[in-house]
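Shown next, in structure tokens, is the structure this report addresses.
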There are 2 protein chains.
Amino acid sequence: MRTDSRLSRMLHALIHMDRLGGKATSEQLAAMLATNPVVVRRTMAGLRRDGLVASEPGQGGGWALARRLDDITLMDIYRALDEPTLFAIGQSQDHPECLVEQAVNGALEGTLSQARDLISARFAAVTLGDLSRDFDDRFAAGRGS
Amino acid sequence: MRTDSRLSRMLHALIHMDRLGGKATSEQLAAMLATNPVVVRRTMAGLRRDGLVASEPGQGGGWALARRLDDITLMDIYRALDEPTLFAIGQSQDHPECLVEQAVNGALEGTLSQARDLISARFAAVTLGDLSRDFDDRFAAGRGS
DNA sequence: CGATTCCGCAACTGATCTTGTTACGATTGT
DNA sequence: ACAATCGTAACAAGATCAGTTGCGGAATCG
């Protein structure tokens with residue numbers, strides 16, 4: 001099954017924006033993400049709606065970070081993307097009234113629910129600032145070797 | 001994103017098989033799962049390969065459980081389906097050499113890896129026998145009310 | 001033996017989803 | 001005016017997966 005890389009891509013884009021002084025055009029971001037400017041606008045729309053970034057039309061316009069990286073968690077981005085489905089496996093809905101199916105679905109849902117809680121907690125705890133500093137570490141390590 | 005319900009369906013099918021005396025034809029299973037006999041054979045092929053079920057051609061043939069439900073874990077089924085992708089979100093592979101992308105992917109992968117471990121542990125701990133008894137409880141509860 | 005009931009497998013179809021693309025309008029700054 | 005940008009809708013291309021068809025082989029029953 002195909003995995004949704006929008007979360008990863010948006011993290012990537014915002015950190016790069018920060019390093020470019022907090023601003024970038026759709027064109028620039030599209031080049032970074034190896035995609036199309038329209039796809040960037042589409043994906044960033046949710047982030048704008050949630051006040052994580054702002055966009056300005058016209059010459060000299062583009063996208064700008066609306067918060068510091070330390071004030072944006074992975075969960076903020078996840079929500080801004082309308083909370084995409086986390087799991088690629090799921091319940092069957094063939095016969096919701098079948099008690100066997102209910103037992104099966106209950107067991108699966110319980111497990112996935114625990115996993116979801118774990119992921120949510122991590123997403124809420126990690127900020128883009130953390131990732132940016134992680135990058136700094138990698139950069140320093142790369143230079144040192 | 002569309003979720004893969006094969007795991008749920010196979011659990012459902014095997015528990016029903018057990019209650020039908022451990023045997024069923026593809027036709028019968030297809031009816032239970034609201035699908036096509038060919039789809040059933042396709043999906044069950046992995047379970048047969050792993051020795052969870054056996055199939056017999058010809059009149060009076062069909063599928064038979066090759067182990068007791070207490071000796072089949074959810075992980076056994078998961079493996080028999082060739083370990084389908086668990087998560088619907090994932091890393092981007094746009095620029096694997098980009099250190100920002102590495103930092104982002106590292107953080108995501110770490111989180112998903114923890115979640116994967118949690119799910120694996122649960123899958124390994126739960127048997128079809130457990131689910132079947134869960135069904136019994138539901139049945140008893142349904143009658144009581 | 002012949003008919004029937006099964007599974008095995010390959011190939012094709014169809015629906016759905018996602019991404020990429022094109023096009024056009026609106027807005028801003030020079 | 002003109003060029004640079006975003007906003008959005010509509011369309012195209014591609015991948016994926018479930019479903020379907022068709023045919024062959026095996027087992028059973030008479």
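Chain identifiers are assigned alphabetically (A, B, ...) following the order of the sequence lines, protein sequences preceding nucleic acid strands; residue numbering begins at 1 within each chain.
Atom NZ of B/K23 and atom P of C/dT5 are 16 Å apart (whole Å). Taking atom CZ on A/R2 and atom P on D/dC17, their separation rounds to 11 Å, with Å as the unit. In this structure, B/L81 atom CG and D/dA18 atom P are separated by 11 Å, rounded to whole Å. Here the P atom of nucleotide C/dT5 and the CD atom of B/E27 are 11 Å apart, to the nearest Å. Following rounding to the nearest Å, B/R49 (CZ) and C/dC7 (P) show an atom-to-atom distance of 19 Å. Rounded to whole Å, the distance from CG on B/D82 to P on D/dC17 is 13 Å. Put simply, CD1 on A/I89 is 17 Å from C1' on D/dC17, counting in whole angstrom units.
Contact check of residues 37-46 of chain B against DNA chain C (heavy atom, cut-off under 4.0 Å) returns B/V38, B/R41, B/R42. Contacts between residues 51-62 of chain A and DNA chain C, defined by a heavy-atom separation below 4.0 Å, involve A/P57, A/G58, A/Q59, listed by number.
One finds the CG atom of A/L128 at 11.5 Å from the CE atom of A/M10 (value rounded to the nearest 0.5 Å).
Within the structure, the salt bridge (Lys or Arg N to Asp or Glu O under 4.0 Å) test picks out the following pairs touching residues 5-20 of chain B (sequence neighbours left out): A/D94-B/R9, B/D4-B/R6, B/R19-B/D136. Screening residues 51-61 of chain B for side chain to side chain donor-acceptor pair (under 3.5 Å) gives B/R48-B/S55 as the qualifying pairs, with residues at least two apart or on separate chains. For residues 14-47 of chain B, the pairs satisfying ring pair (Phe, Tyr, Trp, His ring centres under 6.0 Å) are B/H12-B/H16, with sequence neighbours left out.
Cluster membership check: A/L99 shares its hydrophobic cluster with B/I15, using side-chain heavy-atom separations under 4.5 Å among Ile, Leu, Val, Met, Phe, Trp and Tyr.
Listed nucleotides: D/dA18, C/dT22, D/dT21. Nearest to the side chain of B/D4: D/dA18. The B/T25 side chain lies nearest to C/dC7 when the options are C/dT22, D/dC6, C/dC7.
At the phosphate of C/dT19, neither OP1 nor OP2 sits under 4.0 Å from any side-chain N or O atom of A/T35. Checking the phosphate oxygens (OP1, OP2) of D/dT5, no side-chain nitrogen or oxygen of A/S26 falls inside 4.0 Å.
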For residues 33-42 of chain B, which side-chain N or O atoms pair as donor and acceptor with protein atoms under 3.5 Å away, sequence neighbours left out?
{"residue": "B/N36", "atom": "OD1", "partner": "B/V38", "partner atom": "N", "Å": "2.9"}
{"residue": "B/R41", "atom": "NE", "partner": "B/S26", "partner atom": "OG", "Å": "3.3"}

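Residues satisfying the salt bridge (charged side-chain N to carboxylate O under 4.0 Å, His left out) criterion with A/D137, sequence neighbours excluded, are absent altogether. Listed by chain and number, the residues in a salt bridge (charged side-chain N to carboxylate O under 4.0 Å, His left out) with B/R122 amount to none (sequence neighbours excluded). Partners of B/D70 according to the salt bridge (charged side-chain N to carboxylate O under 4.0 Å, His left out) rule, which considers only residues two or more places apart in sequence or in another chain, are B/R133.
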